[in-house]
Amino acid sequence: MNKIYFNTFVIMIAIITVINFAFYWTSKNNLIKKEAEINENVSKNIKSTVENNQKSVELFESSLAQQLYTDSLFISNQLPSDAKQVSRSQLQELAKKLQLDEIAILVPDKQWFDLVQSTSSAEVGTNSKMWGDKWNRMFFQLVNNKNVTLEPNFGEAYPHFWTGPFDSSANIPDKVFKYGYYYDGTKNYIIEPAYEGKKLVDYQKDAGVDAAINSFIKNNPSIKEISVLNFNRLTGDFNIAPGESWTNRIAFHNREVISGTNNYASIIDKNIASKAIDQNKNLYRIATLNGNKILQFYIPIQIKIDGNTNQYKTIIISSVDYSQISNELWNGMIQLSLVVIFCFIICFVLIYILFRHIRKQGKLLSDIQNLYAGRVNSLYKTIREYRHDVANHIFTIQGLLSLKHYSEAEKYIKQLSKIHKETSAIINIHIPAFIGLLQVKIAESIEKNIKFDHQFEGFEYLELDIEKITNLVKVIGNILNNSFHEVEKNEEENRSVSITGKAMEKKLQICIQNNGDMIPPHLLEKIFDYGFTTKKEGSGIGLASAKKTIEQYKGKITVNSNQEWTTFTIDLPLSKREFVSDPVQKGKAK
């Protein structure tokens, strides 16, 4: 008898261990996959920001180039034809009059140009050797032809004039300048006026790529750092002449960290980044850096940062706080394990009492064994049923975590029985991702005392691919989040949000309503613009991204608002393969 009890106990422990490890690894892999999707979307937004930012920089540079050209004409009329007759005081007076940050003159040598006079004493006596072949090639074109043939994405040209991209000086590496170069053959030197690019640097900080990265990190608390790196600098792939040193002379366009920060750098980054670039595939690893357990994603993007360098290879390294995610996952698993163990203990006690009762009745050992076998089968059935319920809870927790509702997840785990009762009435719409989203929002509505209505028609006929489902769920989730946020401003008894969906033969329509504050008419056309938000801590990305996603599927999203309701309507066209009402054809599609 004791052996039977012992064996039963061992089996229970084994089953508990297998179930929990299966749940843990499944949840872990799904969580990493979800983080990968989030970081991939962030990288796409960063790429888009970089490209848009580059266009703004180009317009800014064009304006400065025209000003530098005009200044060069004036300076040329004021200076003597021989470089030896040009004094620093002359250049300083002209710089002050034209509000330039620097003026220098360059005299050609055999292979480069010497700076023989300048408003800055640090520049005098230096040369263009360290500036790179491109710059010197342009200078010699200017001297030999009195004009420059432009190379793609590398500066601008006017008669007898050329200006390069924003760059730092070899002697002043911590500042960025816009340099112009003028030569019309009347003098034996090139005139070099320059503006400091402080306005551009300030723009980058306030509205450029770095500002966008800070916004992404703020809106995704699990992301600790985003680094946009020049892959060539990371791997040391430079064309540097023998004997040349880049120590403290790293030009602006040759920085390793293009945007963001790189505090979680590792010697392994080079190898993994190389694999990601070579395979054109996102890679990840889990590591301990700076005392923190980090999940790092290596995401290659094809982009050109400026015309100065062949930065077609750019790598984004996103560092996610893995220990925070792991702790949340383990805490949830421990609590679920306790529930499972509790159920097993009850079953074990019942079996023990049953055996004692049978033994007291003096029944035959064979009867006891048969009854025991029946109870064990019943126990396994109970395990399978409970495993099904627990799986639903796990998927719900995963949904909450993917939306970064960590506090919601903790409360959900503590009140499993209550939330399960409320969410058990959810309808089956045959799309797990929608079901998961609705479960999350139902649980949230319970906590925040929001009346949340949902109704779907024809969804059983939908056959959408996983990418479209994922994008659609993200869009709907974003609008529902905004709706919940708006109605929380109302009194608890006056909070209402609803979602209705109707799938038809050629169209899918989804309407989301909330009774929050009315959106003023003059703002209705702006709410889908990038950067526009009415929230104090909003990014202005959510609705703009939602509109872009819907339009990529040739659909449209509209909004109407009055004193009673604000309604977002999504209309998506459906192909014949996406709406299958014929059961036979639906079976073939599967």
Side-chain angles (χ1 to χ4, degrees), residues 32-58 152-154 165-166 203-205 207-220 222-238 251-266 268-285 294-320 467 470-471 474 530-531 539 541 544-545 548-549 552:
I32 290 177
K33 182 179 179 181
K34 197 68 179 180
E35 286 291 344
E37 291 177 356
I38 292 172
N39 283 271
E40 184 176 359
N41 288 334
V42 168
S43 71
K44 290 179 181 178
N45 287 327
I46 289 175
K47 178 181 178 181
S48 176
T49 302
V50 171
E51 292 171 341
N52 292 333
N53 179 73
Q54 187 64 20
K55 293 178 183 178
S56 301
V57 171
E58 288 172 359
N153 301 313
F154 194 61
F166 271 104
Y203 167 80
Q204 297 281 35
K205 291 180 180 178
V209 182
D210 286 333
I213 287 176
N214 291 333
S215 177
F216 293 139
I217 293 176
K218 185 177 181 180
N219 292 315
N220 296 276
S222 64
I223 300 178
K224 296 183 72 69
E225 181 180 61
I226 298 175
S227 309
V228 183
L229 303 182
N230 178 344
F231 179 75
N232 292 331
R233 279 282 294 132
L234 177 66
T235 58
D237 185 14
F238 275 112
F252 178 73
H253 61 275
N254 281 329
R255 296 180 306 177
E256 179 175 327
V257 181
I258 298 170
S259 299
T261 57
N262 195 25
N263 297 320
Y264 291 95
S266 168
I268 303 177
D269 290 340
K270 174 181 175 181
N271 294 332
I272 302 181
S274 297
K275 290 181 181 179
I277 289 288
D278 293 340
Q279 300 174 12
N280 193 26
K281 179 182 178 182
N282 299 347
L283 300 178
Y284 74 88
R285 74 178 181 119
I294 298 297
L295 173 62
Q296 283 191 314
F297 293 95
Y298 297 78
I299 306 171
I301 59 174
Q302 300 293 322
I303 195 168
K304 194 170 186 177
I305 302 302
D306 58 43
N308 248 353
T309 182
N310 293 325
Q311 290 182 13
Y312 291 102
K313 295 180 180 179
T314 305
I315 190 81
I316 294 179
I317 301 181
S318 178
S319 300
V320 177
E467 181 181 357
T470 302
N471 288 331
K474 289 178 183 177
Y530 273 102
S539 64
I541 295 176
S545 177
K548 183 178 179 180
T549 299
Q552 102 180 29

Query raised in the report: Would you call V320 and I294 a side-chain contact if the rule is heavy atoms closer than 4.5 Å?
Result: no
**Report entry** Listed partners of Y284 passing side-chain hydrogen bond (donor to acceptor under 3.5 Å, both in side chains), at least two apart
**Finding:** none
Query raised in the report: Between L229 and V257, does a side-chain contact (heavy atoms from CB on, under 4.5 Å) hold up when you go through it step by step?
Result: CA-CA 5 Å; L229 303 182; V257 181; 3.8 Å; yes
Report summary line: Only one of P300, S227, S43, S274 passes side-chain contact (heavy atoms from CB on, under 4.5 Å) with I315, and that residue is P300
Query raised in the report: Can you name the residues that form a side-chain hydrogen bond (donor to acceptor under 3.5 Å, both in side chains) with S266, not counting sequence neighbours?
Result: R285
**Report entry** Reported CG-to-CD1 distance for the pair N262 and I226, which is rounded to 0.5 angstrom
**Finding:** 12.5 Å
**Report entry** Residue pair I316 / I46: nearest heavy atoms and the distance that separates them
**Finding:** CD1-CG2, 4.0 Å
Report task. Report the residues that fulfil side-chain hydrogen bond (donor to acceptor under 3.5 Å, both in side chains) with N471, sequence neighbours left out, ordered by chain and then residue number. Result -> Y553
Query - Results of side-chain hydrogen bond (donor to acceptor under 3.5 Å, both in side chains) for N282 - residues two or more places apart only - result: none
Query raised in the report: Is the shortest heavy-atom distance from the side chain of K548 to the side chain of Y530 under 4.5 Å?
Result: yes
Query - Point-to-point distance, once rounded to the nearest 0.5 Å, from CG of L283 to CD1 of I317 - result: 11.0 Å
Query raised in the report: With sequence neighbours excluded, what pairs up with K44 under the salt bridge (Lys or Arg N to Asp or Glu O under 4.0 Å) test?
Result: none
Query raised in the report: Heavy-atom distance under 4.5 Å between the side chains of Q296 and D269, does that happen here?
Result: yes
Report summary line: Interatomic distance, OG@S318 vs CD1@I299, rounded to 0.5 Å, equals 6.0 Å
**Report entry** Partner residues of E225 under the salt bridge (Lys or Arg N to Asp or Glu O under 4.0 Å) criterion, sequence neighbours left out
**Finding:** none
Query raised in the report: Between atom CZ of F216 and atom CG of N45, what is the distance when rounded to the nearest 0.5 Å?
Result: 4.0 Å
Query raised in the report: Got S259 and I213 here, is their nearest side-chain heavy-atom distance under 4.5 Å?
Result: yes
Query raised in the report: Does S215 reach the main-chain N or O of A211 with its side chain, forming a donor-acceptor pair under 3.5 Å?
Result: no
Report task. Measure the spacing between CZ of F297 and CG of N39 and express it to the nearest 0.5 Å. Result -> 5.0 Å
